[in-house]
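Step one of this worksheet: look at the structure below.
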Amino acid sequence: MELKKGKVAVLFAAAAVVVSTACVDVSASNDAVAFTNYRLKPRYANTYTTSRYRQTTNPNNKWKVNLAYSTEGKGSLATFWLAKANSAHTIVSGTHKVTQGSGNHYFAATSGASMSNVCLGMENNNYTTAEYRVSGYWDEETD
């Protein structure tokens with residue numbers, strides 16, 4: 001009888017762990033998703049990363065970009081924004097100039113970015129016929 005009570009207690013403990021795990025909120029985190037060797041095209045042409053799901057409904061849950069490397073050189077600038085992962089790449093944040101090597105930069109999105117697949121848009125910050133390669137990190141939401 002005592003053995004049976006012990007098995008029942010273990011069973012209830014295991015069930016409690018399963019139930020409490022199922023109730024844990026899966027929330028966003030501050031990740032560092034690499035973008036590597038992306039092409040900054042000539043004449044302000046846009047380039048986009050692969051998409052990630054932005055689960056938040058809070059526009060102040062900021063997205064992040066870090067321009068770690070550019071073939072244009074140390075301290076060069078590129079322009080970044082958050083875009084919907086649709087055929088029009090609808091812009092769902094402001095556009096921001098980021099200096100290579102300056103670390104993480106955090107920006108608010110618009111409500112249009114809520115609960116949708118988004119990608120990081122980028123372009124050269126000035127009109128030129130040259131093209132450059134850039135690498136760095138981004139995250140669609142950081143809180």
Side-chain angles (χ1 to χ4, degrees), residues 4-143:
K4 193 173 183 178
K5 284 183 184 177
K7 285 183 179 179
V8 170
V10 168
L11 209 86
F12 275 114
V17 168
V18 169
V19 169
S20 65
T21 303
C23 295
V24 171
D25 180 35
V26 177
S27 57
S29 61
N30 192 344
D31 300 320
V33 179
F35 61 93
T36 305
N37 204 29
Y38 274 74
R39 181 177 167 222
L40 290 185
K41 301 172 188 174
R43 300 177 186 89
Y44 292 125
N46 300 330
T47 300
Y48 298 93
T49 64
T50 56
S51 67
R52 292 180 50 88
Y53 185 71
R54 184 175 163 90
Q55 66 187 12
T56 186
T57 57
N58 180 0
N60 292 318
N61 183 339
K62 296 183 178 185
W63 60 277
K64 169 180 74 177
V65 65
N66 180 334
L67 178 57
Y69 174 78
S70 171
T71 59
E72 189 175 10
K74 185 177 178 179
S76 58
L77 294 169
T79 304
F80 295 93
W81 61 93
L82 206 60
K84 280 228 183 209
N86 57 25
S87 59
H89 285 111
T90 308
I91 295 175
V92 289
S93 75
T95 58
H96 305 278
K97 290 182 180 174
V98 175
T99 303
Q100 181 277 327
S102 61
N104 292 334
H105 295 266
Y106 297 85
F107 304 106
T110 67
S111 60
S114 296
M115 298 178 69
S116 63
N117 289 310
V118 295
C119 50
L120 180 67
M122 61 188 87
E123 68 182 17
N124 196 330
N125 68 301
N126 52 29
Y127 188 86
T128 180
T129 57
E131 93 172 33
Y132 302 100
R133 296 288 177 156
V134 294
S135 298
Y137 303 92
W138 77 290
D139 191 8
E140 79 287 353
E141 58 187 0
T142 56
D143 289 332

Inter-residue atom distance [X].[atom1] - [Y].[atom2], 0.5 Å rounding:
| X | Y | atom1 | atom2 | value |
| --- | --- | --- | --- | --- |
| Trp81 | Glu123 | CH2 | CD | 4.0 Å |
| Glu140 | Asn61 | CD | CG | 8.5 Å |
| Asn86 | Asn117 | CG | CG | 10.0 Å |

Can you name the residues that form a side chain to side chain contact (heavy atoms under 4.5 Å, CB included) with [X], not counting sequence neighbours?
| X | result |
| --- | --- |
| Thr49 | Phe35, Tyr38, Cys119, Leu120, Met122, Trp138 |
| Asp139 | Asn30, Asp31, Arg52, Lys64, Thr142 |
| Ser116 | Lys84, Val118 |

Qualifying ring pair (Phe, Tyr, Trp, His ring centres under 6.0 Å) pairs, either residue in residues 105-126, two or more places apart: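 Of all non-adjacent pairs touching residues 105-126, those that pass ring pair (Phe, Tyr, Trp, His ring centres under 6.0 Å) are Trp63-Phe107, His96-Phe107.
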Could you go step by step and tell me if Thr95 and Thr79 meet the side-chain hydrogen bond (donor to acceptor under 3.5 Å, both in side chains) rule? CA-CA 6 Å; Thr95 58; Thr79 304; over 6 Å; no
Quick check: does any side chain N or O of Ser135 sit under 3.5 Å from a backbone N or O of Thr36, one acting as donor and the other as acceptor? no
Hey, is the main chain of Ser29 close enough, under 3.5 Å, to the side chain of Glu141 for a donor-acceptor pair?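 Not a single qualifying donor-acceptor pair exists.
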Of all the heavy-atom pairs spanning [X] and [Y], show the shortest one and how long it is.
| X | Y | answer |
| --- | --- | --- |
| Pro59 | Arg54 | O-NH2, 3.8 Å |
| Ser51 | Ala85 | CB-CB, 3.5 Å |
| Ala34 | Tyr137 | CA-CD2, 3.9 Å |
| Ile91 | Ser93 | CG2-O, 2.9 Å |
| Leu67 | Ala78 | CD2-CB, 3.9 Å |

Taking only residues two or more places apart in sequence, or in another chain, which ones meet Arg133 in a salt bridge (Lys or Arg N to Asp or Glu O under 4.0 Å)?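 For Arg133 the salt bridge (Lys or Arg N to Asp or Glu O under 4.0 Å) partners, ignoring immediate neighbours, are Glu131.
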I'd like to check Lys41 versus Asn124 (side-chain heavy atoms, cut-off strictly below 4.5 Å). Are they in contact? no
Test side chain to side chain donor-acceptor pair (under 3.5 Å) applied to Asn125 - qualifying residues, sequence neighbours left out: none
